[in-house]
Q: 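One structure follows; several queries about it will come next.
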Amino acid sequence: MATEKEIVVSGIRPTGYLHLGNYFGAIRNFIRMQEDFNCYIFVADWHSLTTHPDPKDLPGNVMRVLAENIASGLDPEKAVVYAQSDVPEIAELYLLMNMLAYVGELEKVPTFKDKVRLQPQNVNAGLLTYPVLMAVDILIQRAVKVPVGKDQGQHLEMARNFAQRFNHRYGNLFPEPAAFNYGDSLVRIASLDGNGKMSKSENEMATIYLADEDDKIIQKLKKAKTDSGTGEPGAPMPESVANLITLMELVSTPEVVKFYQDAWANQTIRFGDMKKQLGEDMVKFVGPIRERAKELQRDTDYMHKIMKQGAEKARANASATLQEAKKLIGLKYY
Ligand code: ATP
Ligand code: MG
């Protein structure tokens, strides 16, 4: 008997240029998951309005995020790929789910408190209810698994709470989604300046974007923080050097990685050479993704076609859930 693949949902906010952290921390897993699961991967455009409400940037950001995911190997024929705002059923279930969310619990969410600190001039209600919308993104497709980075654990916990509350009050409808990661997949890509992680919204020169041209990539790596070397064979590897080795492990051959690990161990390492080698290997890795993403963004007919196709599939599944939810709530009159 053929068994249905389990449903997985994941989203990515169109708030800037995708970078190596997004690639190795998220997109690479999407590409693996699309073989093993029934994946719903969406561009979280409504979510981006809580912090990035600029109509000049939004359409371009959405297209680029989609194009970069597809250029990286996300296959719209295998995964359902869509824009959140193309699925109005999400908004309707979000309204209904807000009745099951308590202001007190939402005010306590650490990411909400962070945002209050970061943008005190714009503490909108969307920020407060962000976890409700995120829960609905997941629950409306009746996902059983959600890939989560370490920072998103609490949101998933809340999604499970909302599912339970709904099921308890109205009847069993939503599976409680579980966190999921491939065993070896939780890489964290550090910022090249040694401050935190690569990120869409921080130091541009310390983050390598999938859209960076070759010379930019080489220039950024040349400026990456390294150690001066201690002259002591066997000295522990400082974080800045370990971070470069991590990048090498992702884009260089095992021989190259071993060469530089050994070179550190016996203190013959030349950081100029190391960065040059990493630059070449990184360019080989990013270059084809960047060029393919550019082509896709020029092919608006194709992009619109896959968005419509994804929205149709996502809506069909979402609509079935929404209709059942409304019936259970008592919102069906004829
Ligand atoms: P922002 O600065 O706007 O928060 P971001 O760069 O942190 O953007 P997100 O949209 O928050 O990116 O995250 C998208 C996905 O990429 C998440 O799954 C997150 O865990 C992953 N991710 C982001 N940055 C890194 C990183 N440096 N290393 C590994 N994974 C990352
Ligand atoms: Mg982030």
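Note that the numbering runs from 1 along the sequence shown for the chain. Note that ligands are numbered from 1 as they come in the structure, with each ligand's atoms numbered from 1 the same way.
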Q: Are the side chain of Asp281 and the backbone N or O of Leu278 linked by a donor-acceptor pair below 3.5 Å?
A: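 No, because the side chain of Asp281 does not come within donor-acceptor range (under 3.5 Å) of the backbone of Leu278.
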
Q: Gly25 heavy atoms, cut-off 4.0 Å: which ligand 1 atoms fall inside?
A: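 Under 4.0 Å from Gly25, ligand 1 has these atoms: 29 (C), 30 (N).
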
Q: Met198 versus ligand 1: do any nitrogen or oxygen atoms come within less than 3.5 Å of each other?
A: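 N/O-N/O distance below 3.5 Å exists for this pair.
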
Q: I want to confirm something. Looking only at heavy atoms, which of Lys200, Arg28, His52, His19 is nearest to atom 10 (O) of ligand 1?
A: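 Shortest heavy-atom distance from atom 10 (O) of ligand 1: Lys200.
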
Q: Between Arg160 and Glu157, does at least one N-O distance fall below 4.0 Å, as a salt bridge requires?
A: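 So Arg160 pairs with Glu157 through a salt bridge.
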
Q: Within a radius of less than 6.0 Å around OH of Tyr17, do more than 12 heavy atoms belonging to other residues, nucleotides or ligands occur?
A: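 Atom OH in Tyr17 is not crowded, with 12 or fewer foreign heavy atoms closer than 6.0 Å.
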
Q: Do Asp114 and Arg117 sit within salt-bridge range, that is, some charged N less than 4.0 Å from a carboxylate O?
A: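 Answer for the salt bridge query: yes.
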
Q: Ignoring hydrogens and angles, tell me if any N or O in the side chain of Gln119 forms a donor-acceptor pair with the backbone of Asn122 under 3.5 Å.
A: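 Yes, because the side chain of Gln119 sits within donor-acceptor range (under 3.5 Å) of the backbone of Asn122.
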
Q: For atom 15 (C) of ligand 1, which of Gly196, Pro147, Ala26 has the closest heavy atom?
A: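 Among Gly196, Pro147, Ala26, the closest heavy atom to atom 15 (C) of ligand 1 comes from Ala26.
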
Q: Output yes when the distance from some N or O of ligand 1 to some N or O of Arg188 is under 3.5 Å, and no in every other case.
A: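 There is no such contact.
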
Q: Answer yes when Glu105 and Arg165 have at least one side-chain N-carboxylate O distance shorter than 4.0 Å, and no when they do not.
A: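 Salt bridge: yes.
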
Q: In terms of atom number and element, which parts of ligand 1 are under 4.0 angstrom from non-hydrogen atoms of Thr15?
A: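 Contacts of ligand 1 toward Thr15, numbered from 1: 3 (O).
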
Q: Would you mind finding which of Asn22, Ile12, Leu18, Val187 brings a heavy atom closest to atom 21 (C) of ligand 1?
A: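 Checking each option, the heavy atom nearest atom 21 (C) of ligand 1 is found in Asn22.
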
Q: For the 3.5 Å polar cut-off, considering only N or O atoms, please tell me whether Gly21 and ligand 1 meet it.
A: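 Yes - when backbone and side-chain N and O of Gly21 are compared with those of ligand 1, one distance drops under 3.5 Å.
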
